[in-house]
Novice: 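Below is one structure. I have some questions about it.
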Amino acid sequence: MRLTRLLILRSLRARPTRWLLSAFGIVLGVSTILAIGITNRTALLSITRLFETTSGRASLVIVAQDADAKGFPETLLRRVADHPEVDNAVPTLQLFTVLADQVSTGEIGLDFFGTSTGGLLLYGVDAQRDILVRDYQITAGRFLAEDPHAYEVVLVQSFAEDNDIAVGRSIQVVAGGAVESLRVVGLIAKEGAGQLNNGAFGAIPLVTAQRLYDRDGKVDQIDLVVKSSSASGPRLARLKDELQAHVGADYAVVYPAAQGQRMTQMLGNYQIGLNFLSGIALFVGAFLIFNSFSMNVVERTHEYGTLRTIGMTRSQVTRQVLIEAVGLGVVGSGVGTGLGILLARGLTSAMALMINQDLSRVEVQADIVVFGSAIGILVAVIAAVVPAVQAGRISPLEALRVRGARREGWIIRKGWLPGSVLLAISTAVLVANPFPYDVQFRAGSLVVFASFAGGALMIPVTVAAWERLLRPAAGWLYGGSGRLGSANLQRARARTTLTVAALMIGVAMMVIVWAMTDSFKGDLDVWLQGYVGGDLYVTSSLPMGKEVWKRLEAVPGVAAVTPVRYFEVDWVKPEGDVEKITFMAVDPASHAQVTSFVYTEAVPDEVGALRQLAGGDTVFLSSVLAERAGVHAGDEITLVTRTGRRRFAVAAVVLDYYNQGLVVEGSWSDMGRHFRQSGANAFMVKVEPQTDVAQVQERIERTSRSRDQLIIASNASLLERVNGLMRQAFGMFDVLALISMLVGFFGITNTIAMNVSERTREIGMLRCVGMTRLQIVAMILAEAALMGTIGGLLGLVFGVVLSRVFMLAMTAMSGYRLTYILAMYRVVAAVVVSIFVSQLAALFPALRAARSRILDAIHYE
Amino acid sequence: MRVLDASRLTKAYRMGERSVMALAGVDFGVEKGEFVAIMGPSGSGKSTLLHLIGGLDRPSGGTVALAGQALEPLNDTAITLLRRRNIGFVFQFYNLLPTLTAEENICLPLLIDGKDLQPYQERLERLLGLVGLEDRRHHKPEQLSGGEQQRVALVRALITEPAILLADEPTGNLDSRTGLVIMDLLRRLCDELDQTIVLVTHDPRTASYADRVVFLRDGQIIRELHLVGEEPAGQSLGRIIETMQALETDPGPTVSAAADLPANGSP
Ligand SMILES: Nc1ncnc2c1ncn2[C@@H]1O[C@H](COP(=O)(O)OP(=O)(O)OP(=O)(O)O)[C@@H](O)[C@H]1O
Ligand SMILES: [Mg+2]
């Protein structure tokens with residue numbers, strides 16, 4: 001123990017930066033894993049909890065089969081309430097409205113999955129029975145009175161505060177084209193039902209709601225409280241089936257939490273991306289540790305040799321190094337945990353923006369923390385195993401060799417053998433991709449790791465060739481001393497290899513991130529141009545009818561108007577399971593005048609395809625769905641309509657990332673005929689040529705806003721905001737690329753500092769025979785520049801190959817088939833950044849070397 | 001009693017296709033309490049011999065027995081343990097750990113062996129007193145002069161009471177006066193503690209402190225010289241220089257005329 005303390009703590013004090021670097025590796029890995037784990041968990045829990053608490057103690061929920069029906073008759077309520085297993089059946093009417101005085105400041109709410117509903121969600125409730133299923137925590141005033149005809153409302157406190165509403169005051173809401181007044185009698189906390197619609201929620205008496213919106217005798221949802229004997233397990237499942245048969249196919253009996261499924265499913269793709277991130281962070285962290293431990297062993301060879309001479313066994317030496325790794329792992333994991341929890345706060349608030357959900361309660365759960373720390377320590381130890389074994393292999397004779405030709409390790413001399421094997425195998429595996437879907441991510445990461453390792457092992461044997469190739473460039477840039485520095489590259493091949501590998505991985509990560517985000521953004525841009533086509537985008541919190549369309553067309557300066565309507569449908573996959581996707585209804589005739597589709601599969605006759613779509617029983621399939629189901633233009637898909645399953649012809653495959661690509665486009669007439677929906681969510685407006693868009697926007701605002709509560713945005717501003725959202729979402733990836741380069745930076749600083757201190761005497765000698773300080777600096781910078789160039793070029797090759805492979809893997813996993821984009825300037829930038837980083841990192845040690853006094857250098861021993 | 005017994009030792013280094021015969025059949029034994037110096041021109045195999053008998057390297061042929069234990073059948077760990085407990089090393093370049101103080105460096109072999117330091121305290125004080133470093137014990141190597149560092153290395157080699165002390169040019173890196181201080185110390189260790197010592201050097205003055213001088217050339221022992229303890233130092237030195245000169249002209253591997261004298265020349 002005392003020995004361990006002496007050896008480790010002292011060397012820690014002697015080389016603090018080295019240890020900081022290793023610890024940084026672990027901190028990086030652990031904090032990223034934790035942050036991402038916590039964020040994912042927080043989002044999932046929040047969504048499940050939302051639907052659990054908002055339907056509170058209900059065991060089953062009955063909703064209309066199609067999300068936008070006109071509700072169902074109250075008589076159904078009596079039918080299910082009479083069932084012997086049902087204790088209580090609680091009806092609600094659910095309405096979206098806006099505050100009348102808010103209309104003018106309306107803005108189109110955007111979230112990651114499309115446009116959000118926004119506005120105020122009102123539940124018409126039975127005041128006495130509703131509290132049996134939902135939690136209302138009154139924070140001011142009282143809950144709704146028993147009088148079902150009262151014009152009163154209970155609001156969520158945070159919403160009331162944001163809108164300056166106090167108990168006792170009245171609010172004006174827009175209802176059925178008129179403005180109605182409701183008295184605020186109480187406020188509730190943003191808990192339980194208060195979390196609905198992210199707090200923009202209020203409860204009013206059921207009868208009042210029905211009257212306000214002309215929906216007498218209708219309800220939208222019935223929450224069922226069942227007898228405790230049937231409240232769970234197979235008995236509940238049986239009851240669910242029984243009730244389903246009882247109420248008929250127009251209604252769906254579901255579990256409360258199932259309502260959150262669509263949201264969690266949508267989160268899935270983003271979470272794959274995040275997990276990929278934490279994998280990279282862990283890998284980069286592991287490499288940092290490996291790198292600094294290897295350096296450490298190289299640097300302390302003499303010391304380990306001495307210890308071996310005076311009687312330390314191989315296993316004792318190995319154990320010392322591993323104990324160091326464990327110590328570092330523990331400390332790094334500790335710091336990483338703290339940092340991870342902090343990061344998780346940032347990440348959850350970003351996620352909260354994206355899914356439009358309140359995620360202020362960050363779920364730091366013990367299992368994630370334990371898992372993250374354990375991984376940190378494990379990775380530290382695994383990364384240190386090879387250096388530790390190497391340290392144990394050091395012969396006692398190493399201690400006696402003062403300097404001069406040390407026999408290079410086996411890995412340096414013969415490493416290219418396993419290296420080329422690894423490279424060949426991993427390439428073959430990546431191309432063939434034989435993994436089943438569920439292990440693809442993990443197995444793929446392992447293979448990528450193997451290919452990096454293979455590439456790194458190839459470096460030592462190629463150093464000489466690289467050096468010869470690049471020496472003229474070094475000479476051209478830095479003169480004679482540059483050529484000298486270039487030659488130095490071959491002197492410590494182990495060290496050169498580690499540094500080049502660090503840079504290689506940094507650059508490769510950077511290129512991967514660039515290629516993935518550029519490709520993604522590229523496709524997204526193309527799609528957005530079509531999706532948010534035309535010049536203006538008009539939407540509203542309330543569905544818009546035919547008359548709005550007519551009015552818009554009549555506005556002077558408007559060339560064409562086309563409606564869009566999206567709603568949820570069940571897609572029957574070829575294997576037979578059912579998945580919820582979005583049906584986007586368009587009017588093909590007017591749509592063609594305003595914007596156009598982006599076809600991903602060549603369509604011989606676009607006009608014909610549009611005509612076929614207009615003809616009905618036809619859809620355009622998103623490329624994501626087409627990829628996932630293996631369906632092409634000319635095939636058929638099955639959707640569940642109001643009249644049962646129906647086959648639709650696929651006329652074309654189009655680029656569409658609405659709802660993460662889980663979308664089909666159908667015709668306006670099919671929407672009415674098969675899904676009984678009406679009204680538009682949005683209109684796309686094309687302005688006459690040579691007309692000022694802003695002017696037309698103003699005209700529309702003047703003529704129709706007060707009546708229709710329209711929210712109008714120019715497409716330019718909308719695209720700007722979508723791009724802002726994208727930048728936010730991809731920002732994290734950029735940070736990661738930066739961190740990867742940081743690894744290369746530290747690697748170079750480390751190596752050059754070691755080279756300089758080892759060659760102090762030699763540098764003194766060179767100064768003695770007349771080399772100037774500047775020439776010394778040039779010599780050292782040239783050495784670094786060469787490493788930067790080799791690392792940059794190798795990293796580029798790896799980055800391009802791996803990003804292409806990732807893209808293929810992503811297609812297989814999620815259906816996204818992206819057009820590969822890697823701009824030429826990115827390619828150049830990768831190498832330039834690598835060289836630049838190498839120069840920056842080497843500058844400090846180079847200057848220090850140049851400053852050293854000649855006499856010190858000569859007396860150095 | 002023989003502490004060290006090596007016979008027919010050979011060591012060949014492969015240099016690509018050629019191989020260099022660093023040792024070509026050496027028989028070498030050391031008695032308990034004996035002080036032997038190995039001399040020879042550069043490249044004659046002195047260090048190689050020392051490494052082989054110290055278990056730092058494996059011979060190409062021949063056998064080494066240390067404190068009655070043959071090294072050949074032992075694996076690396078067993079040899080390491082033997083080295084840890086029975087051999088002390090001193091080298092030209094001190095080989096101290098730069099991050100540890102003098103005292104910590106000295107106690108390192110004990111710590112490596114997992115020993116409690118308490119029973120060794122007395123020995124530590126005695127050795128520190130002997131080399132005159134009592135007030136330097138908390139200094140780091142960089143704060144010590146070369147001679148002081150070498151004395152620390154010496155105490156480190158002796159702290160475990162090794163059966164044999166092996167020193168490779170311990171004075172090679174010191175000025176001649178400091179070198180003589182170290183040699184005085186070694187001589188006293190031999191006389192007062194009955195410490196067995198094998199020392200490599202090419203300096204005849206250094207060699208003159210020994211009881212016996214072995215001359216190596218081209219990997220073979222070509223002559224041995226027994227020095228008589230009572231004879232004046234100057235006389236021993238004269239005889240060594242004489243032998244060296246004789247060897248330069250006469251290359252024949254013979255044993256000196258003094259071979260019939262008792263092997264152990266110390267009083
Ligand atoms: N690792 C090695 N590889 C190849 N040859 C070696 C090696 N070590 C020593 N030799 C060779 O073996 C011979 C003996 O070397 P050794 O170091 O024992 O000589 P030495 O007598 O100690 O010389 P010096 O007085 O210069 O230290 C020399 O010719 C040397 O070149
Ligand atoms: Mg030697």
Side-chain angles (χ1 to χ4, degrees), chain A residues 1-16 18-19 296 299-321 323-324 389 391-405 407 413 757-758 760-761 856 859-861, chain B residues 13 47-48 50-52 54-58 75-101 103-117 140-142 146 149 153 156-157 159-160 162 166 168-169 172-173 200:
Chain A
M1 202 50 229
R2 168 116 191 254
L3 177 69
T4 302
R5 218 174 51 220
L6 268 185
L7 292 181
I8 294 176
L9 290 186
R10 289 297 163 77
S11 93
L12 194 153
R13 220 182 297 159
R15 302 174 185 82
R18 181 73 40 78
W19 296 114
N296 214 18
E299 192 181 40
R300 283 159 73 182
T301 296
H302 199 71
E303 193 174 317
Y304 287 128
T306 302
L307 287 169
R308 293 276 290 121
T309 314
I310 61 175
M312 213 160 174
T313 61
R314 280 168 201 266
S315 54
Q316 270 180 313
V317 172
T318 302
R319 218 178 314 138
Q320 286 298 323
V321 179
I323 291 174
E324 276 175 24
V389 170
R393 291 254 175 79
I394 290 172
S395 141
L397 290 173
E398 295 293 352
L400 309 180
R401 231 157 268 154
V402 179
R403 61 174 63 79
R407 194 170 149 78
R413 288 177 293 120
S757 82
E758 201 179 74
T760 306
R761 196 184 258 207
D856 286 352
H859 283 189
Y860 178 86
E861 170 47 64
Chain B
Y13 288 112
S47 299
T48 305
L50 204 73
H51 296 162
L52 293 184
L56 293 179
D57 209 352
R58 297 269 189 181
N75 66 12
D76 185 80
T77 307
I79 287 187
T80 304
L81 290 181
L82 191 81
R83 200 160 63 221
R84 183 193 286 175
R85 290 170 189 155
N86 294 306
I87 309 176
F89 284 102
V90 180
F91 300 108
Q92 183 176 354
F93 294 106
Y94 330 133
N95 288 311
L96 301 177
L97 292 206
T99 51
L100 304 189
T101 64
E103 189 174 327
E104 287 162 348
N105 262 297
I106 289 168
C107 295
L108 206 51
L110 301 173
L111 292 171
I112 288 173
D113 211 9
K115 288 226 163 68
D116 185 8
L117 296 186
K140 293 263 176 73
E142 60 183 14
Q149 285 188 55
R156 180 180 69 186
I159 191 75
T160 54
L166 303 179
D168 195 347
E169 310 206 18
N173 213 33
V200 167

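Keep in mind that the numbers below use all heavy atoms, side chains included, and drop hydrogens, waters and symmetry copies. We name chains A, B, ... by the order of the sequence lines, and we start the count at 1 in each one.
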Novice: So which part of Gln316(A) gets closer than 4.5 Å to some heavy atom of chain B, the side chain, the backbone, both or neither?
Specialist: side chain
Novice: Counting heavy-atom pairs under 4.5 Å to chain A, which of Ile79(B), Asp76(B), Leu100(B) comes out on top?
Specialist: Asp76(B)
Novice: Enter the distance from Leu96(B):CG to Glu303(A):CD here, rounded to the nearest 0.5 Å.
Specialist: 11.0 Å
Novice: Going by the salt bridge (Lys or Arg N to Asp or Glu O under 4.0 Å) test, which pairs reach into residues 88-98 of chain B, not counting sequence neighbours?
Specialist: none
Novice: What option among Arg156(B), Arg84(B), Glu104(B) has the most heavy-atom pairs under 4.5 Å with chain A?
Specialist: Arg84(B)
Novice: For Leu117(B), which atoms come within 4.5 Å of any heavy atom of chain A: side chain, backbone, both, or neither?
Specialist: side chain
Novice: Quick one: which of Thr80(B), Leu111(B), Leu108(B) has the most heavy-atom pairs under 4.5 Å with chain A, could you say?
Specialist: Thr80(B)
Novice: Heavy-atom cut-off 4.5 Å, strictly under: side chain, backbone, both or neither for Arg300(A) against chain B?
Specialist: neither
Novice: Rounded to the nearest 0.5 Å, what separates atom CZ in Arg314(A) from atom OG1 in Thr77(B)?
Specialist: 7.5 Å
Novice: To the nearest 0.5 Å, tell me how far Ile159(B) CD1 sits from Ile310(A) CD1.
Specialist: 11.5 Å
